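A short write-up of the structure that comes next.
First listed ligand is number 1; within each ligand, the first listed atom is number 1. Everything numeric here is computed off the predicted structure, so don't read it as measured data.
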Amino acid sequence: MKPTIEDALNLIRPDIAGMEPYTPIVPFEVLSEQLGRRPEDLVKLDANENPYGPSPKALAAMGKLDATAHIYPDPEARKLREALADYVGVGAEYIMAGAGADEIIDLLMRLFIQPGDGVINCPPSFGMYPFDAALHAANLIEVPRRADFSLDVEGIEWAAAQENVKLLLVCSPNNPDGGLIAPDDLDRLLRLPLIVVVDEAYIEFGGVGSASRRVSETPNLIVLRTFSKWAGLAGLRVGYGVFPLHFMEHLWKIKQPYNVNVAADAAARASLDDVETLMATVELLKAERERLAAELAAIPYLAPYPSRSNFILCRVDGIEAGELKHRLAEDYGILVRYYRKARLFDHVRFSVGKPEQTDRLIEALQAIGESL
Ligand SMILES: *Cc1c(COP(=O)(O)O)cnc(C)c1O
């Protein structure tokens, strides 16, 4: 007898069949249509993208792919990793490039996690950690951050003592609050018998050094970085991890061979050839962050948290945060991040934009304040 749809569905992995569906973000053009505004009239402050975009050198490099676009990329991304070695200050042999840091998170889980193994997450933090942990059927152990969003180190130490706990994921500066991990906290966490992954997607905005340089002498430290934010390449998907050498041969075994495409590779290398220009825009964004923070602090119903990143999280009091997000989008064409999550239900996050975008945001927030 022919198998039925049900028979076919029963072949899906039961843990995936039982998973909650992932809510993908609405694409920018679709949002623009829904809101009845042209994309160029929207102020996009919802995904921490770099409003200054890629370096001109990166754009030019992507225009010159005639000799390479039809050829598979180097599976080892040698040229990119060599350029990264200079930028990061570690040998190329410590670096693995990926289709965004997101791919590296997935690779980490593949390398360490068997079904049921423990992964410690410290929410609120980046949504991809629980997402990938679930995909790998990990036992997700949540150790919430304290009220000021610092890590609950004792709580993590307690969680780490459970059976088969393998990974701890911490983000610094943390998304969504923008705070840095305290150096003493990191030192303590590195003494735990598990892998400590420090996600430094926003480190270029942090004003502190990267933990990358500690990797060679720290057998359980992995650092994640990306071109998506500081270099304005979010749409191209290119990031990397810095790993202790003893993990590298195993990582190479599990990586998809052609994970970094030639356009992303060319743009990333050109960006590393234009660091000065890109760092000038990072400085602009850091200065704008301070101006935005001061402006937000003057809005009576908002309480911004100090940020070392390119976004500012605010507690909202006097209007529902979801309603605020909705009004900013519908009435002003300003997109911001709102979280339907326990700890953050009364918060919104604003990415730092260009000065004129800050002006539009602040005007809108003032107008909404007057209507309350
Ligand atoms: C944006 C972001 C990333 C994702 O980086 P990609 O390189 O674009 O995949 C990783 N971690 C955090 C905390 C982020 O906010």
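- Once rounded to the nearest 0.5 Å, the distance linking CG of D117 with CG of N139 reads 8.5 Å.
- Side-chain polar atoms of Y240 and R81 form no donor-acceptor pair below 3.5 angstrom.
- For Y202 and F126, the ring centers sit 6.0 Å or farther from each other.
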Protein N/O near ligand 1 N/O, under 3.5 Å, which pairs?
from     : atom 1 : to   : atom 2 : distance (Å)
ligand 1 : 7 (O)  : A101 : N      : 2.6
ligand 1 : 7 (O)  : T226 : OG1    : 2.5
ligand 1 : 7 (O)  : S228 : OG     : 3.3
ligand 1 : 8 (O)  : S228 : OG     : 2.5
ligand 1 : 8 (O)  : R237 : NH1    : 2.8
ligand 1 : 8 (O)  : R237 : NH2    : 3.4
ligand 1 : 9 (O)  : A101 : N      : 3.1
ligand 1 : 9 (O)  : D102 : N      : 2.9
ligand 1 : 9 (O)  : D102 : OD1    : 3.3
ligand 1 : 9 (O)  : R237 : NH2    : 2.7
ligand 1 : 11 (N) : D199 : OD1    : 3.3
ligand 1 : 11 (N) : D199 : OD2    : 2.6
ligand 1 : 15 (O) : N175 : ND2    : 2.9
ligand 1 : 15 (O) : Y202 : OH     : 2.6
ligand 1 : 15 (O) : K229 : NZ     : 3.2

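- Hydrophobic clustering, defined by side-chain heavy atoms of Ile, Leu, Val, Met, Phe, Trp and Tyr closer than 4.5 Å, groups L180 together with I203, V208.
- One side chain, R349 or N175, offers a donor N or O that lies under 3.5 Å from an acceptor on the other.
- Using modelled atom types, one finds a donor on one side chain and an acceptor on the other under 3.5 Å when comparing T358 with E288.
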